[in-house]
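Residue numbering restarts at 1 for every chain, and letters A, B, ... go by the order of the sequence lines.
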Amino acid sequence: MTEPGASPEDPWVKVEYAYSDNSLDPDDEDSDYHQEAYKESYKDRRRRAHTQAEQKRRDAIKRGYDDLQTIVPTCQQQDFSIGSQKLSKAIVLQKTIDYIQFLHKEKKKQEEEVSTLRKDVTALKIMKVNYEQIVKAHQDNPHEGEDQVSDQVKFNVFQGIMDSLFQSFNASISVASFQELSACVFSWIEEHCKPQTLREIVIGVLHQLKNQLY
DNA sequence: CGGCTTAATACGCAAGACCG
DNA sequence: CGGTCTTGCGTATTAAGCCG
């Protein structure tokens, strides 16, 4: 950076600002000896300053590698036959990359697990509501169900549910080939076999059968 | 006053020497 | 062989001076 007041035409004056040296007088411009000596001093000072700056830069890089080795668990594993050994920079970098990739995979796995657990919670909540309804129905009419339900009744319930599902399936899927059918099945399941939909179907079938029986 | 030029300085990289 | 140090070089940044 240029010091204020320094003339660009006279670099050695600028040097006086940047690297002041009491042993050399930059004002003594008549002396070639002093000029040369000052030039040399300037060069030396520049070189030293640069060397120091470079050392500082290397220190910063070294600190970075040391920090990585401290932070990354796979860099801390020790070979007990040798003891704690310093890893090369290349190895520290490679292990760091591997560790970051491992963390990414772990994160993805955990996100998938959370999603699955959320779905489980929803399903369990629905089941809980159903069981509570069953319990309430039993409390309202304690003698209902004491008679053994016949296989025929069970079959009728199952048949009613399946019939209802088939109607929905048949109405939503109109395809020309088996390949098309295969492709449609999953989207139909996702759309029409949601827990809430199934619950409504089952309730409808049970109501219908109940009316028929009593 | 804003844009351009110039010079000094800061910064970063790479090559080569050296060391353990 | 890997790390460190020194040094030269190129580029970016900054400040001063000049000019229309």
task: Determine: side-chain N/O of A:Lys89 to OP1/OP2 of C:dT4, distance under 4.0 Å, yes or no.
output: yes
message: Heavy atoms from C-beta onward define the side chain here; which of B:dG12, C:dT6, C:dG3 lies closest to that of A:Arg58?
response: C:dT6
- prompt: Is the closest basic N to carboxylate O distance between A:Glu113 and A:Lys109 below 4.0 Å?
  reply: no
query: Does the side chain of A:Glu191 come within less than 4.5 Å of A:Thr197's, by heavy atoms?
result: no
task: Report yes if a side-chain nitrogen or oxygen of A:Gln55 is closer than 4.0 Å to either non-bridging phosphate oxygen (OP1 or OP2) of C:dT4; otherwise report no.
output: no
message: Measure OH/A:Tyr65 against C1'/C:dG3 and give the value in whole Å, please.
response: 11 Å
field: Interatomic distance, A:Arg48 CZ vs C:dC5 P [rounded to whole Å]
entry: 17 Å
Gap between atoms CD1 and P, on A:Ile61 and C:dT4 respectively (whole Å): 10 Å
field: side-chain N/O A:Thr51 vs C:dT7 OP1/OP2, d < 4.0 Å
entry: yes
field: Distance in angstrom units between A:His50 NE2 and B:dG12 P, rounded
entry: 11 Å
query: Looking only at N and O atoms, is any donor in the side chain of A:Gln52 or the base of C:dC5 less than 3.5 Å from an acceptor on the other one?
result: no
message: If you compare all heavy atoms of A:Leu68 against all heavy atoms of A:Leu93, which two are closest, and at what distance to 0.1 Å?
response: CD1-CD2, 4.5 Å
query: Roughly how many Å is it from CD in A:Gln94 to P in C:dG2, rounded to a whole number?
result: 14 Å
task: Take atom NZ of A:Lys56 and atom P of B:dA10, then tell me their distance rounded to the nearest Å.
output: 11 Å
message: Measure CD/A:Glu54 against C1'/B:dA15 and give the value in whole Å, please.
response: 12 Å
query: Do any side-chain nitrogens or oxygens of A:Arg57 fall under 4.0 Å of OP1 or OP2 in C:dC5?
result: no
task: Start with the C-alpha distance between A:Glu111 and A:Lys108, add both sets of side-chain angles, then the distance that settles salt bridge (charged side-chain N to carboxylate O under 4.0 Å, His left out), and finish with yes or no.
output: CA-CA 5 Å; A:Glu111 282 169 353; A:Lys108 202 178 164 196; over 6 Å; no
